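Working notes, beginning with the structure itself.
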Protein chains: 2
Amino acid sequence: MTASSRPEHPRLRRSAGDRRAQLVQIGLELLPTTPVQELTIDEVARRAGISRSLLFHYFATKREYYTAVTRAAADLLWEHLLPAPGTPAEQQVTGMLDRYVGWVETFRDSHLAFVRGAGGGDPWVSEVYEETRGKLVELTLTTLDLPDDALRRQLVLAWFAFAEDLVGQWVAEPTMSRPDLLALLRDVLDRLVAR
Amino acid sequence: MTASSRPEHPRLRRSAGDRRAQLVQIGLELLPTTPVQELTIDEVARRAGISRSLLFHYFATKREYYTAVTRAAADLLWEHLLPAPGTPAEQQVTGMLDRYVGWVETFRDSHLAFVRGAGGGDPWVSEVYEETRGKLVELTLTTLDLPDDALRRQLVLAWFAFAEDLVGQWVAEPTMSRPDLLALLRDVLDRLVAR
DNA sequence: TAGCTTGTTGAGCGTTGCTCAGCAAGCGGA
DNA sequence: TCCGCTTGCTGAGCAACGCTCAACAAGCTA
């Protein structure tokens, strides 16, 4: 129970921005336990202490709502992975990998739900996901100081799928040390793009 | 409109086995246009020319129904990929890869919906998917005459994710020749498991 | 205080997953 | 030929859900 879920006795009137932010925030809190598309308007509204109707005032459809939640989650991931300015180029990719593994460790189910559920039929959600993946590929190629040609883009994109899967397996059952995992991923990436 | 969707004038009574098979078949026909979980009982029943209630007689819940459909789809894929008996060991993996690409080319959206939608929150569906992937990994390792140790299993599993993603990209935008794609996938696999 | 903007609600509609009591098709036995 | 049993099958109907709409009311400004 967070503050956002307590039904205030006197009806509280919020600014549009606040309300939107609150609703998205509730969606984020629910993500770990519920696949995005299965969020129910009733549940979210109940937690926000508002009527269903109000949610539809801010998000025209349920899809519009959970797309906003998905985008918020993607933004959090992106900000978490971005190298701190001033990091030596050599450490940037390793650092990102490290933080990515940490992210998956921390959020496990909710991250897997995001990654996989992304492609799960819903074009709106998968668009957000692909957009983030695209940005990450671009960042990776830039950081590695490699030309951004079509083939390399494809390879790095597919390597992300490889990495997501391997990290997913590792989190479920850590059969090697964490540094080994990072080194393995880095090694595969280097060999892929070095050709 | 297939024969199965024509509403017969006199009420037709089928055996339990026939009816089940028909319903699963209708699900398979709908897969290309609809993500499994979004199949509606109404639509399926309408196409079968039966009442909704009857579908619930054969499948206790909607989930049970689309899990059966998913399993049928997985079985089709598995049978399609299996090397013909008598194929020289050397060609088996390449042949499977070739047929896999062909499969994705043919079914495009429905396959992607299956692969990705698999993890999409639904444990029942993703179980079917993981089971199939596991069988494929085992088959691959056996065919390549490699020991089936934990690390190699993980790598080949992750390589499948890599391959799925790359093939998905290639089908959407074929930027290289088909043989080049096959050679690339095979090359990456060989290097991964050779260590 | 009046009036305007806009955050907010409740009643209600259509669809969908699911239940249940009971009908009826086809077979076997007398 | 009729009876009776099994079992494939239906229709009415409930609850949950997404979504709409007319109207209320909080809080600002004149």
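Just so it is clear, the model here is predicted, and its values are computed rather than measured. Letters A, B, ... are given to chains in the order of the sequence lines, protein chains preceding strands, and every chain is numbered from 1.
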Original post:
A/Ile50 has an atom CD1; how far is it from atom P of D/dA25, in whole Å?
Top reply: 19 Å

Subject >> Test: B/Glu131 and B/Lys135 ion pair at under 4.0 Å >> reply: no

Subject >> Ionic contact status for A/Glu29 with A/Arg47, cut-off 4.0 Å >> reply: no

Original post:
Atom CZ of B/Arg14 and atom P of C/dG26: how far apart are they, to the nearest Å?
Top reply: 13 Å

Original post:
Below 4.0 angstrom, N of the basic side chain to O of the carboxylate: do A/Arg191 and A/Asp187 qualify?
Top reply: yes

Subject >> For atom CZ of A/Phe59 and atom P of D/dC17, their distance in whole Å >> reply: 19 Å

Original post:
Which part of the nucleic acid, if any, lies within reach of B/His57 when heavy atoms closer than 4.0 Å are counted: base, sugar-phosphate only, or nothing?
Top reply: sugar-phosphate

**OP:** Mind calculating the distance between CG (B/Leu54) and P (C/dA24) to the nearest angstrom?
**Re:** 16 Å

Subject >> A/Arg20 CZ to C/dG7 C1', straight-line distance once rounded to whole Å >> reply: 14 Å

Original post:
For A/Leu39, which contact category applies under a 4.0 Å heavy-atom criterion: base, sugar-phosphate, or nothing?
Top reply: sugar-phosphate

Original post:
Is the shortest side-chain N to carboxylate O distance from A/Arg186 to A/Asp190 below 4.0 Å?
Top reply: yes

**OP:** Among C/dA25, C/dT9, C/dG17, find the nucleotide with the atom closest to the side chain of B/Arg13.
**Re:** C/dA25

**OP:** For B/Ser51, answer base if it contacts any base atom (sugar-phosphate contacts may also be present), sugar-phosphate if it contacts only those atoms, and nothing otherwise; contact means non-hydrogen atoms under 4.0 Å.
**Re:** base

**OP:** Measure up the B/Trp103 and B/His80 rings against each other and bin them: parallel (under 30°), tilted (30 to 60°), perpendicular (over 60°).
**Re:** tilted

Review item, nucleotides 18-22 of chain C N/O atoms under 3.5 Å of protein N/O:
{"residue": "C/dC18", "atom": "OP2", "partner": "B/Lys62", "partner atom": "N", "Å": "2.4"}
{"residue": "C/dT19", "atom": "O4", "partner": "B/Ser53", "partner atom": "OG", "Å": "3.4"}

Original post:
Would a hydrophobic clustering, with Ile, Leu, Val, Met, Phe, Trp and Tyr connected at side-chain separations under 4.5 Å, put B/Leu76 with B/Val128?
Top reply: no

Original post:
Looking at A/Arg46 and A/Asp42, does any basic side-chain N land under 4.0 Å from a carboxylate oxygen?
Top reply: no

Original post:
Roughly, in whole Å, what's the span from CD in B/Glu38 to C1' in C/dT15?
Top reply: 14 Å

Original post:
Are A/Tyr65 and D/dG18 close enough that a side-chain N or O sits under 4.0 Å from OP1 or OP2?
Top reply: no

Subject >> Sugar-phosphate only, base, or nothing, as touched by B/Tyr58 at under 4.0 Å among non-hydrogen atoms >> reply: sugar-phosphate

**OP:** Return no unless some side-chain N or O of B/Arg19 is found under 4.0 Å from OP1 or OP2 of D/dT7.
**Re:** no

Subject >> Protein-nucleotide distance (A/Leu55, atom CG; C/dG10, atom C1'), rounded to Å >> reply: 16 Å

